[in-house]
Amino acid sequence: DEQKQKELRELQLRRELQLRAKEEEMRIRKCEEVRLKQLEVEEDRLRILANLQRVREEERRREEEVQRMGTEEIASTKANKMWRLRETVVQRQQEEEDHAQRPKIVFGMKSQAPGSSTASDLSRRQESSSCSVFLFCLHDEFIQWGGCGEE
């Protein structure tokens, strides 16, 4: 009896030790799983953080580029205004030069006597002693407009 009881106690003790060993093994396995899960979570967190930093840096660069483009646009607009002003001034000067170089045209009506020396061509064509003639001046030459003796 004692032997059986002793064997029974040993058997219970072994079972208890095996059970504790299994529990300890399960606890260790769970701790390891938790630690691995925490490592995965930390890796994910670091990956997300790196991605967020990259996105923020790209956004900062984009904002700087937009700001530079705005500054360049302002400078370009000013330069274009100055260029257009310069072109306008040059165009006006050219128009003034062209206007100054154009022949002057003078229209008028003048009473002419025969033998008048102001327009010898006209005086030869006159049929009466006095007639009204329309004259205009082109390149410093008098040209008749209308005629004498058509009255």
Side-chain angles (χ1 to χ4, degrees), residues 1-112 116-123 125 131-148 150:
D1 267 341
E2 264 183 58
Q3 181 88 13
K4 283 187 178 183
Q5 283 184 352
K6 191 175 181 182
E7 284 177 11
L8 256 170
R9 276 188 241 146
E10 284 178 16
L11 186 61
Q12 283 179 345
L13 187 61
R14 269 189 255 140
R15 283 184 185 164
E16 205 174 299
L17 287 175
Q18 286 176 348
L19 186 62
R20 285 183 186 169
K22 280 185 180 183
E23 287 176 353
E24 183 66 21
E25 187 180 318
M26 291 287 283
R27 189 182 63 76
I28 290 173
R29 192 177 310 140
K30 282 185 179 182
C31 285
E32 185 65 23
E33 287 174 1
V34 167
R35 189 179 68 77
L36 288 174
K37 187 68 173 173
Q38 287 174 339
L39 286 174
E40 287 177 15
V41 168
E42 182 65 15
E43 286 175 2
D44 289 344
R45 188 186 71 79
L46 291 174
R47 190 175 22 258
I48 291 169
L49 182 62
N51 188 33
L52 181 61
Q53 288 172 339
R54 182 183 54 79
V55 168
R56 284 182 180 166
E57 182 63 24
E58 288 174 358
E59 183 63 27
R60 185 188 60 79
R61 278 192 229 123
R62 273 193 293 266
E63 287 174 359
E64 287 175 355
E65 181 67 20
V66 166
Q67 189 176 20
R68 277 193 301 272
M69 287 170 53
T71 303
E72 290 169 358
E73 180 67 26
I74 290 169
S76 175
T77 301
K78 286 180 182 179
N80 287 341
K81 282 182 182 178
M82 293 301 292
W83 184 260
R84 283 192 296 274
L85 180 63
R86 181 187 163 280
E87 285 179 337
T88 303
V89 168
V90 167
Q91 183 180 7
R92 283 183 187 158
Q93 288 174 346
Q94 185 65 40
E95 287 172 358
E96 288 175 6
E97 288 175 12
D98 289 349
H99 184 70
Q101 291 176 357
R102 272 192 220 141
K104 293 190 175 48
I105 298 176
V106 179
F107 293 93
M109 188 170 98
K110 191 169 193 175
S111 199
Q112 303 232 326
S116 173
S117 62
T118 57
S120 59
D121 287 343
L122 291 178
S123 64
R125 292 183 202 154
C131 73
S132 295
V133 177
F134 293 97
L135 300 173
F136 68 94
C137 178
L138 178 64
H139 298 286
D140 295 326
E141 291 181 32
F142 287 101
I143 299 175
Q144 179 179 358
W145 185 274
C148 293
E150 299 174 0

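In what follows, every heavy atom counts, from backbone to side chain, and hydrogens, waters and symmetry copies are set aside.
The pair Glu33-Lys37 does not count as a salt bridge, with every side-chain nitrogen at least 4.0 angstrom from each carboxylate oxygen. Between Glu24 and Arg27 a salt bridge is recorded (basic side-chain N to carboxylate O distance below 4.0 Å). With respect to Glu59 and Arg62, a salt bridge is recorded, a charged nitrogen being found less than 4.0 Å from a carboxylate O. By the 4.0 Å N-to-carboxylate-O rule, Arg61 lies too far from Glu65 to be salt-bridged with it. Note on Asp1 versus Lys4: no salt bridge recorded, every NZ/NE/NH1/NH2 to OD/OE distance being 4.0 Å or above. Taking the charged nitrogens against the carboxylate oxygens, Glu23 and Arg20 have no contact shorter than 4.0 Å, which rules out a salt bridge.
One finds the CD atom of Glu73 at 8.5 Å from the CG atom of Asn80 (value rounded to the nearest 0.5 Å).
Residues forming a side chain to side chain donor-acceptor pair (under 3.5 Å) with Gln38 (at least two apart in sequence, or on another chain): none. For the side chain to side chain donor-acceptor pair (under 3.5 Å) test, no residue two or more places apart in sequence or in another chain qualifies with Arg92.
With a 6.0 Å radius and a threshold of 12 heavy atoms from other residues, nucleotides or ligands, Arg68 has its CZ atom above the threshold.
Looking only at side-chain heavy atoms (C-beta outward), Arg15 and Leu19 stay at 4.5 Å or farther from each other. Residues Glu63 and Gln67 form no side-chain contact, since every pair of their non-hydrogen atoms from C-beta on lies 4.5 Å or further apart.
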